[in-house]
Amino acid sequence: MNLLPFDKLKPYRARMFVPKAIDLGDWPQIAALFDKLEARAPRCKTAAQLQRWLLDAGELSAALDQESSLRNIAMTCHTDSPEAEKAFLHFVEKIEPEAKPRQFKLAQIYLQHPLRAKLPKKRWFVFDRNAQVQVELFRPENVPLETEESRLGQQYQKLSGSLTVQFRGQEKTLAQMARFLEEPDRALRQEAWELTANRRLQEAGKFEENFEQLLALREKIAVNAGFKDYLSYAFRSRGRFDYTPADCRKFHEAVEKEIMPIVRTLQAKRRRQLNLDALRPWDMGVDPLNRAPLHPFEKVEEMVSRTQKIFDQLDSGLASDFTLMRRKRLLDLDNRKGKAPGGYQSTLSEARMPFIFMNAVGVHRDVETMLHEAGHAFHALATQGEDLYAYRGAPIEFCEVASMSMELLGNEFIEAFYAEPEARRARHDHLEQIITIFPWIVTVDAFQHWIYSHRGHSRAERRQAWLDLMCRFGGDVDWSGHEEKRANLWHRQLHIFLYPFYYVEYGIAQLGALQVWANSLKSRRRALQQYHRALALGGSRPLPALFEAAGCQFDFSRRTIKPLVRLVRSQLEKLESPPAKG
Ligand SMILES: [Zn+2]
């Protein structure tokens, strides 16, 4: 039974190494290919043979990667199919754990290969750098610690996912409570907010304990790998070759100096519009002018055809990419029973094709997600011509430039969905969201910088460090009477528990996206040329080179942020004043 929304896809290039008839769910068949690669390496006598060996190893990785994606897609499209779930779990439990050490072994063999020095330096620079980190950080004694780390992470997820409240006679999860913060009725908002925040606060002790266990593990992992603290280990293991903790601290400062003033201005405006003496934590999600939510479409087909209209106006290359995805049914966008929640873009690495999964229900957020995931899909299509598997994927800091730029560029043609006043509102709200998320991003980042560079700190010291950051980046929101909730606010941020340090990437990428958009306001044609060119580089160049190709600075200091904030400010003002008649 085919549980996929699309037909079987052919590999982009015919396989040269992996047999056509292989069963990628059968480990012995896969193991035989790893054996072959290991045996072949010493027999490579020329640089060309070594390159072929690398391409073949990549071909195998791409086939495995695609198999994992296909099984994940089938499962998320059919959560009610035990067959799909079984197939997915089989791959995660039986294939991936076997494949990982074998891929690590290949990296090791490659790094020690005498012919490696003969390969063109510039072409292999990024590849070599990544292989070196993979090998350098590997410690067998860390493997069980990492297993324990993911077990504790699951515990966090289980705890946060299990929390519910009784609201107006119904049991609701905390995620379901979020939409009440958009209600115009202030008393209702406050009730919903207090209920949710209190529920989380009841578990504060458990969250702290869970985190302290994670912290102890991480410090041990770092020491085992020969690092003085987890901060320096994390920068290395996340492949952050092109920026340092000091750059991040500069970023935090730049947000404080350049972005906090505009955040405070926006908050003051919100307060006036809502006619309040002070903004409280439950006043931040409601539309300050009490307007009904935007209603961009009825049916998902309308969302698709209107999105197509946006790309038709934006760029012929992107338009035909999107048409291709529609034709090949690489979009599964409607919300229906039996689908997993959320939205994602997944790349089918052998076919070199993207797939977009969503649960569209007719709200504006769907349009934003559609544009965002389309940006990721364009990235995948742009790298089709790259034959080295490892270079078809870029670092996350740049992947999100591809997607976040598309939100900004697409919004310029949002009239495909809305009449004029609503179109202006959509653009305005988007820019406002971009600005107001920066302080939270750097709060989460700076907090972790503090935590992982203060070994042996106490719970009280950690709490104070968090409160200091809330003072710097919390803006003008009145928390009186809710001091405990404020001090424990970080418990809700999953990344701190599960993906340490993985958050600042969104801020870095947003700065790139804003620059792409700023360039497009000067010359759309040129900005899109640069966008295409940068995406096509995949992961073959270091981050600063990818940013440069896209027409951006890879820099997160005040120098880069200041003019962007000025631009956003002026655009917001323009969008607020009624359009000139003419
Ligand atoms: Zn994304």
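Because the structure is a prediction, the values reported are computed rather than measured. Just follow the structure's listing: the first ligand is 1, and inside any ligand the first atom is 1. Any value given below was found using the heavy atoms of this structure, including those in side chains, with hydrogens, waters and symmetry copies removed.
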Could you tell me if Lys328 sits above the aromatic ring of Phe355, with its cationic atom closer than 6.0 Å to the ring centre and no more than 45 degrees from the axis?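 Not flagged: Lys328 not positioned over aromatic ring of Phe355.
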
Go through the structure and list residues passing salt bridge (Lys or Arg N to Asp or Glu O under 4.0 Å) with Asp312, not counting sequence neighbours.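 Asp312: no salt bridge (Lys or Arg N to Asp or Glu O under 4.0 Å) contacts found.
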
With salt bridge (Lys or Arg N to Asp or Glu O under 4.0 Å) as the rule and sequence neighbours excluded, what pairs involving residues 543-559 come up?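 Residue pairs passing salt bridge (Lys or Arg N to Asp or Glu O under 4.0 Å), neighbours aside: Glu258-Arg558, Asp555-Arg559.
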
Output yes when Glu505 and Arg240 qualify as a salt bridge under the 4.0 Å nitrogen-oxygen rule, no when they do not.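 Looking at Arg240 together with Glu505, the answer is yes, because their closest N to O distance falls below 4.0 Å.
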
Side chains of residues 494-504: which donor-acceptor pairs under 3.5 Å do they make with residues two or more places apart or in other chains?
unit_1, atom_1, unit_2, atom_2, d
His495, ND1, Gln493, NE2, 3.0
Tyr502, OH, Tyr506, OH, 3.0

Every N, O or S from the protein that is nearer than 2.8 Å to the Zn ion (ligand 1):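 Result, waters dropped: His372 NE2, His376 NE2, Glu400 OE1, Glu400 OE2.
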
Are Tyr344 and Thr76 side-chain neighbours, meaning at least one heavy-atom pair lies under 4.5 Å?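 Yes - at least one pair of side-chain heavy atoms lies under 4.5 Å apart.
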
